[in-house]
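The block underneath contains the structure these notes are about, expressed in structure tokens.
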Amino acid sequence: MNCELIFYLSSKTNLCERALRSSIEGLDLRFSSARFSTSPESLGTLIIDAFEVLNVVFVVGGLSDERNGVENVLSKALANKSPDDLKKLRNPLSRSDGYLVRQGGQLLVVLPDEPEEIKAIFDGALSDYIKSFAQI
């Protein structure tokens, strides 16, 4: 299954991409592209565009910005919608937890922009969730 990677207000992009690629090995996911966003508007557009052709989108970064952070973007996007599944992904290494939003056959995964934290979240329940999602 193809997926997309969007870096949002992110640092360490090369290291984060490597950590994510390593974490999804064996999950039957392949990145079709990596894109970059620095504003809530462009992030929304990139996510919408990606879901037109893909079922899985990863967003890395933007979890520590109060005003333009991905949490704020998600809360506005979900204000009038009730997704099938919405989970906070516990990060055992810091307070920058990730998020998972599933609606039907589409999955959005938001992760911090620290490679070690990406791996730690995947070592939690995220890998198993993605495996079961791929079987839907």
Side-chain angles (χ1 to χ4, degrees):
M1 177 181 320
N2 288 334
C3 61
E4 182 156 297
L5 170 58
I6 300 171
F7 289 105
Y8 179 59
L9 302 174
S10 183
S11 61
K12 303 179 186 178
T13 55
N14 189 33
L15 296 173
C16 289
E17 184 173 355
R18 277 193 234 156
L20 189 54
R21 285 183 185 276
S22 170
S23 295
I24 67 167
E25 282 182 12
L27 295 179
D28 194 32
L29 291 176
R30 295 166 302 286
F31 286 110
S32 62
S33 64
R35 296 180 176 188
F36 300 86
S37 172
T38 57
S39 74
E41 295 80 16
S42 69
L43 176 62
T45 299
L46 289 177
I47 291 171
I48 290 168
D49 290 349
F51 279 134
E52 299 246 339
V53 294
L54 301 169
N55 293 70
V56 180
V57 175
F58 290 94
V59 174
V60 172
L63 289 169
S64 60
D65 186 305
E66 291 291 323
R67 185 167 165 248
N68 293 318
V70 72
E71 293 153 325
N72 192 26
V73 174
L74 285 176
S75 68
K76 288 180 181 175
L78 298 172
N80 296 320
K81 295 181 172 99
S82 181
D84 294 336
D85 206 358
L86 174 62
K87 294 183 183 296
K88 193 174 220 181
L89 301 170
R90 187 178 173 306
N91 181 350
L93 302 179
S94 81
R95 293 185 354 190
S96 294
D97 294 325
Y99 295 92
L100 177 144
V101 181
R102 182 182 63 79
Q103 181 64 43
Q106 296 181 316
L107 180 66
L108 175 67
V109 179
V110 180
L111 299 165
D113 59 350
E114 289 292 334
E116 301 81 23
E117 295 177 16
I118 290 171
K119 289 180 182 180
I121 290 173
F122 263 91
D123 288 344
L126 183 55
S127 286
D128 290 337
Y129 189 97
I130 292 174
K131 284 178 189 174
S132 65
F133 172 79
Q135 295 173 359
I136 293 177

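Shortest non-hydrogen contact noted between Pro83 and Val101 is CB-CG1, 3.8 Å. Among all heavy-atom pairs drawn from Ser96 and Pro112, the shortest one is O-CG, 3.6 Å. Between Ile118 and Ser23, the shortest heavy-atom distance links the atoms CG2-OG, 4.2 Å.
A distance of 4.0 Å separates CD in Gln103 from CG in Asp84, rounded to the nearest 0.5 Å. For the atom pair CZ (Phe133) and CG (Leu27), the distance works out to 12.0 Å, reported to the nearest 0.5 Å. Rounded to the nearest 0.5 Å, atoms CE (Met1) and CD1 (Ile24) are 11.0 Å apart. Taken from CG in Leu20 to SG in Cys3, the straight-line distance is 7.0 Å, to the nearest 0.5 Å.
Not counting sequence neighbours, the partners of Ser11 by the side chain to side chain contact (heavy atoms under 4.5 Å, CB included) test are Asp113. With sequence neighbours excluded, the residues forming a side chain to side chain contact (heavy atoms under 4.5 Å, CB included) with Ser37 are Ile6, Tyr8, Ser42, Leu43, Leu46, listed by chain and number. With sequence neighbours left out, Asp123 forms a side chain to side chain contact (heavy atoms under 4.5 Å, CB included) with no residue at all. Remark: Tyr129 pairs with Asp85, Arg102 by the side chain to side chain donor-acceptor pair (under 3.5 Å) rule, at least two apart or across chains. With sequence neighbours left out, the side chain to side chain donor-acceptor pair (under 3.5 Å) criterion links Asn91 to Ser94, Glu117. Residues passing the side chain to side chain donor-acceptor pair (under 3.5 Å) test with Glu116: none are found, sequence neighbours excluded. In terms of the side chain to side chain donor-acceptor pair (under 3.5 Å) criterion, residue partners of Glu17 (sequence neighbours excluded) are, by chain and number, Arg21. The side chain to side chain contact (heavy atoms under 4.5 Å, CB included) check on Leu9 picks up Thr38, Asp65, Asn68, with sequence neighbours excluded.
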(request) Using the side-chain contact (heavy atoms from CB on, under 4.5 Å) rule, take Leu111 and Leu126 through it: C-alpha gap first, then chi angles, then the decisive distance, then the call. (result) CA-CA 11 Å; Leu111 299 165; Leu126 183 55; 4.1 Å; yes

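Residue Tyr99 is tested with Leu89, Leu63, Val109 for a side-chain contact (heavy atoms from CB on, under 4.5 Å); the sole match is Leu63.
Residue pairs meeting the salt bridge (charged side-chain N to carboxylate O under 4.0 Å, His left out) criterion with at least one partner in residues 29-55, sequence neighbours excluded, are Glu4-Arg35, Asp28-Arg30.
The aromatic rings of Phe58 and Phe122 sit tilted relative to each other, their planes meeting at an angle between 30° and 60°.
Residues Leu74 and Leu108 are in side-chain contact: their nearest non-hydrogen atoms beyond the backbone lie under 4.5 Å apart. Leu93 places none of its side-chain heavy atoms less than 4.5 Å from the side chain of Glu114.
Counting side-chain heavy-atom gaps under 4.5 Å among Ile, Leu, Val, Met, Phe, Trp and Tyr, the cluster of Val53 also holds Leu54.
Looking at Ser22, its side chain never comes within 3.5 Å of a backbone N or O of Arg18 through a donor-acceptor pair.
Placement of Phe7 and Leu15 in two distinct hydrophobic clusters is found when ILVMFWY residues are connected by side-chain heavy-atom separations under 4.5 Å, directly or transitively. Ile48 and Val57 fall into different hydrophobic clusters, where Ile, Leu, Val, Met, Phe, Trp and Tyr residues are linked whenever their side-chain heavy atoms come under 4.5 Å apart, directly or through other members.
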